[in-house]
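Input: a single structure, listed below in structure tokens.
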Amino acid sequence: MEIKLLKQGNLIPPALREESFMLASKLFVPTLKEEPAEAEVVSHRLLLRAGMIRKVSSGIYTFLPLGLKVLEKVKNIIREELDKTGAQEILLPIVQPADLWRETGRWEVYGDEMFRLKDRHNRNFCLGPTHEEIITSLIKLEIKSYKQLPLLLYQIQNKYRDEKRPRFGIMRGREFIMKDLYSFDASYSGMVKSYELMYNTYVNIFKRCGLKFRAVEADTGAIGGNISHEFTALAEAGETEVVYCQNCDYAASIEKAESFLEKEKGKIEERPLELVSTPGARTINDVSKMLEIPPERFIKTLLYEADGKILAVLVRGDREVNETKLKNTLGCLRLEMVSPMRIKESMQLEAGFLGPVGLEKENIPVYADYEVIYLSGAVCGANKQGYHYCNAVPGRDFTWVKSADLHTVQKGDSCPRCQGILNTTQGIEVGQVFQLGTKYSEALNAIFVDENGKENFFVMGCYGIGVSRTVAAVVEQNHDENGIAWPISVAPYQAVVIAASAKNEKQINTARKIYQDLKEAGWEVVLDDREERAGVKFKDADLIGYPIRITVGNKTIEKGTVDIKIRGSGKEYNISMEAVCSEFSKIINSLEKI
RNA sequence: CGGGAUGUAGCUCAGCUUGGUCAGAGCGCACGGUUCGGGACCGUGAGGCCGGAGGUUCGAAUCCUCUCAUCCCGACCA
């Protein structure tokens with residue numbers, strides 16, 4: 001008997017089942033009046049307070065109904081734009097065998113950041129931090145001919161990275177949702193076309209999500225490949241620094257950004273090397289003041305340990321070493337600065353007195369930043385406690401094994417393209433696109449046959465969007481002191497209809513009518529039917545961030561009108577009840593254009 | 001992984017220095033009443049073995065040791 005009922009779906013009354021999702025009295029949206037103690041950044045705080053997410057463990061979150069709705073909106077925008085390009089959606093597994101990762105060498109490279117696990121047979125697996133291996137092995141088995149190319153495949157999937165320090169809620173989680181797309185082409189030129197297609201698609205996707213963003217040149221990091229761009233949503237809370245030119249369209253991530261090399265800037269008349277006593281001056285600033293020579297005429301010497309080998313890096317005194325560039329120059333896996341303690345123990349010297357002169361005798365290879373080798377008389381440590389050299393000339397007084405771009409660009413530097421002035425800004429990296437080439441297809445021996453019957457490696461690209469992070473970025477850019485103000489495109493619902501007093505039958509019936517009309521017209525609307533005071537419902541509406549709020553109350557009901565308030569702009573309209581549906585469409589249209 | 005901090009009611013916190021009516025407040029929740037277009041008010045009530053384990057003590061939320069968790073800064077990172 002019970003089974004029969006279940007089959008017929010009669011256990012829940014149809015009316016309740018249908019409506020409970022859109023009645024505020026039934027919606028599972030636990031809003032918080034007070035600031036959660038655990039949250040620091042705006043998006044984290046507001047997503048918690050608006051009842052959209054809850055923390056389960058550090059960096060691991062549950063999405064509640066409204067949070068999930070937003071997530072799905074973003075996903076659908078992504079799907080729509082990608083499907084337009086001919087890309088096809090698939091779903092790859094989260095649990096992946098270690099063997100596959102050993103083939104590309106990344107089982108080792110990924111290190112502690114990878115969640116690893118064993119099955120009951122003691123075989124090694126990981127929770128996928130990314131999916132190049134698994135998709136390449138799929139393509140290797142299934143795609144044989146150039147006639148099947150190009151192929152664009154994507155998935156939206158949970159990814160796992162055991163971050164050393166998860167933070168900022170869903171902005172940097174250990175479990176997060178990502179869209180990743182992989183392109184397979186028969187040639188490099190084909191790959192570039194796929195890359196450009198994706199680049200343009202990303203622009204459309206992030207525009208539709210209502211984000212202010214920039215596409216910047218980026219380092220390729222652990223994914224590998226040559227050319228890459230990051231899509232960075234501009235936000236104070238962002239963790240990545242972006243460099244851009246005030247004059248031309250050059251923009252790059254701080255890891256990648258270069259500055260124009262001003263060879264003549266450091267030129268002065270060469271003088272003989274001079275040892276000067278600088279007791280107690282441990283920093284460049286100290287010595288600079290003591291000798292009255294500006295920091296840009298200093299050479300900063302830093303010791304690093306790269307894959308177990310000690311080396312020295314030289315940058316100008318006013319510069320910071322860019323460890324990403326250094327890593328790329330050295331081609332090493334692990335890079336760490338040698339601690340001042342260790343320097344003191346092994347060289348009987350405080351780190352502040354390190355210098356390049358005589359380092360070759362110590363068998364320490366020297367890597368010099370380009371800017372350093374154009375200095376024609378610099379101050380540097382003398383490798384002797386309490387002493388510095390003046391007038392050190394590169395090539396004359398010391399040598400180096402390699403010179404390269406090793407410094408981090410700073411605000412005010414010159415643009416490498418046009419020599420305009422560079423500026424910096426903070427951002428949230430919401431997407432990144434890579435030209436991978438054949439890195440993975442070679443490692444996994446993934447081959448197709450071309451039109452001449454010859455075997456070739458697939459030429460690949462990969463393209464990621466942090467979906468959950470994008471949600472956080474949207475909140476960072478669209479909020480005020482009262483809460484979130486969702487762009488219409490990703491809002492969990494387009495509107496809320498509030499009966500100022502739910503106990504007033506006339507009000508609640510009118511509100512219900514408007515709600516049903518809008519719903520029938522195809523809009524996503526919530527009816528706030530809770531028996532709360534109006535203020536409570538307004539506060540919640542602002543916090544949750546419904547783009548449009550329709551209020552039915554005593555102020556207007558006698559006149560046969562309702563109030564419509566736009567969350568983003570704060571604009572209010574008083575319109576007649578009959579016109580609600582048509583006005584609503586107009587308002588939505590105007591909001592979509594913004 | 002280094003540095004700092006915090007764990008007491010669903011949430012935000014007080015109490016810990018000086019061990020003994022210290023199991024507290026506000027919000028939230030339940031019930032009753034008054035209110036009703038910007039997080040109202042009054043009353044009543046439910047709810048916590050004070051993160052966990054060990055120790056010191058006649059007695060521990062409070063002191064000591066260990067441990068776990070969380071957050072912040074740094075390092076690290078598609």
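Numbered from 1 within each chain, the chains take letters A, B, ... in sequence-line order.
The side chain of A:K164 sits closest to B:A75 out of B:G39, B:G37, B:A75. Side chain of A:A37, nearest nucleotide from B:C71, B:G38, B:U12: B:U12.
Between B:C77 and A:K327, a contact under 4.0 Å exists linking OP1 or OP2 to a side-chain N or O. Look at A:K33 and you won't find any side-chain N or O under 4.0 angstrom from OP1 or OP2 of B:C27. A:S58 has a side-chain polar atom (N or O) that falls below the 4.0 Å cut-off from OP1 or OP2 of B:C71. Between A:S57 and B:U70 there is a side-chain N or O to OP1 or OP2 distance below 4.0 Å.
A donor and an acceptor atom never sit less than 3.5 Å apart when one is taken from the side chain of A:R167 and the other from the base of B:C72. Between the side chain of A:T556 and the base of B:G37 there is at least one donor-acceptor pair of N/O atoms closer than 3.5 Å. For A:E34 and B:G28, a side-chain-to-base donor-acceptor distance below 3.5 Å is absent, hydrogens and geometry of angles not being considered. In terms of polar N and O atoms assigned as donor or acceptor, the side chain of A:R549 never comes within less than 3.5 Å of the base of B:G37 in a complementary pairing.
Nucleotide B:C31: paired with B:G43 (Watson-Crick or G-U wobble, both distances less than 3.5 Å). Pair assignment for B:U70: B:A5, on the basis of Watson-Crick or G-U wobble contacts that are both within less than 3.5 Å. Remark: B:U57 base-pairs with no nucleotide; criterion is Watson-Crick or G-U wobble with both hydrogen-bond distances under 3.5 Å.
Within 4.0 Å of A:N554, counting heavy atoms only, lies at least one base atom of the nucleic acid. A:G464 comes within contact range of no nucleotide atom at all, as no heavy-atom separation falls under 4.0 Å. Across all strands shown, A:K503 has heavy atoms under 4.0 Å from base atoms, whether or not it also approaches the sugar-phosphate.
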What N/O pairs connect the protein and nucleotides 5-9 of chain B at under 3.5 Å? Give each pair on its own line.
none

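No side-chain donor-acceptor contact under 3.5 Å links A:K325 and A:H407.
Here A:F231 and A:Y199 bring their ring centres to under 6.0 angstrom of each other.
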What's the verdict on side-chain hydrogen bond (donor to acceptor under 3.5 Å, both in side chains) for A:E323 and A:Y304, showing C-alpha distance, side-chain angles and the deciding distance?
CA-CA 10 Å; A:E323 294 190 359; A:Y304 276 89; 2.9 Å; yes
Quiz: residues 424-433 of chain A side-chain donor-acceptor pairs under 3.5 angstrom, not counting sequence neighbours:
from: A:Q426; atom 1: NE2; to: A:G238; atom 2: O; distance (Å): 2.9
from: A:Q432; atom 1: NE2; to: A:D219; atom 2: O; distance (Å): 3.0
from: A:Q432; atom 1: NE2; to: A:S228; atom 2: OG; distance (Å): 2.9

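Heavy-atom distances under 4.0 Å link RNA chain B to A:F176, A:M178 of residues 174-184 of chain A, given in residue order.
Across all non-hydrogen atoms, the minimal contact from A:E133 to A:Y440 is OE2-CE2, 3.9 Å.
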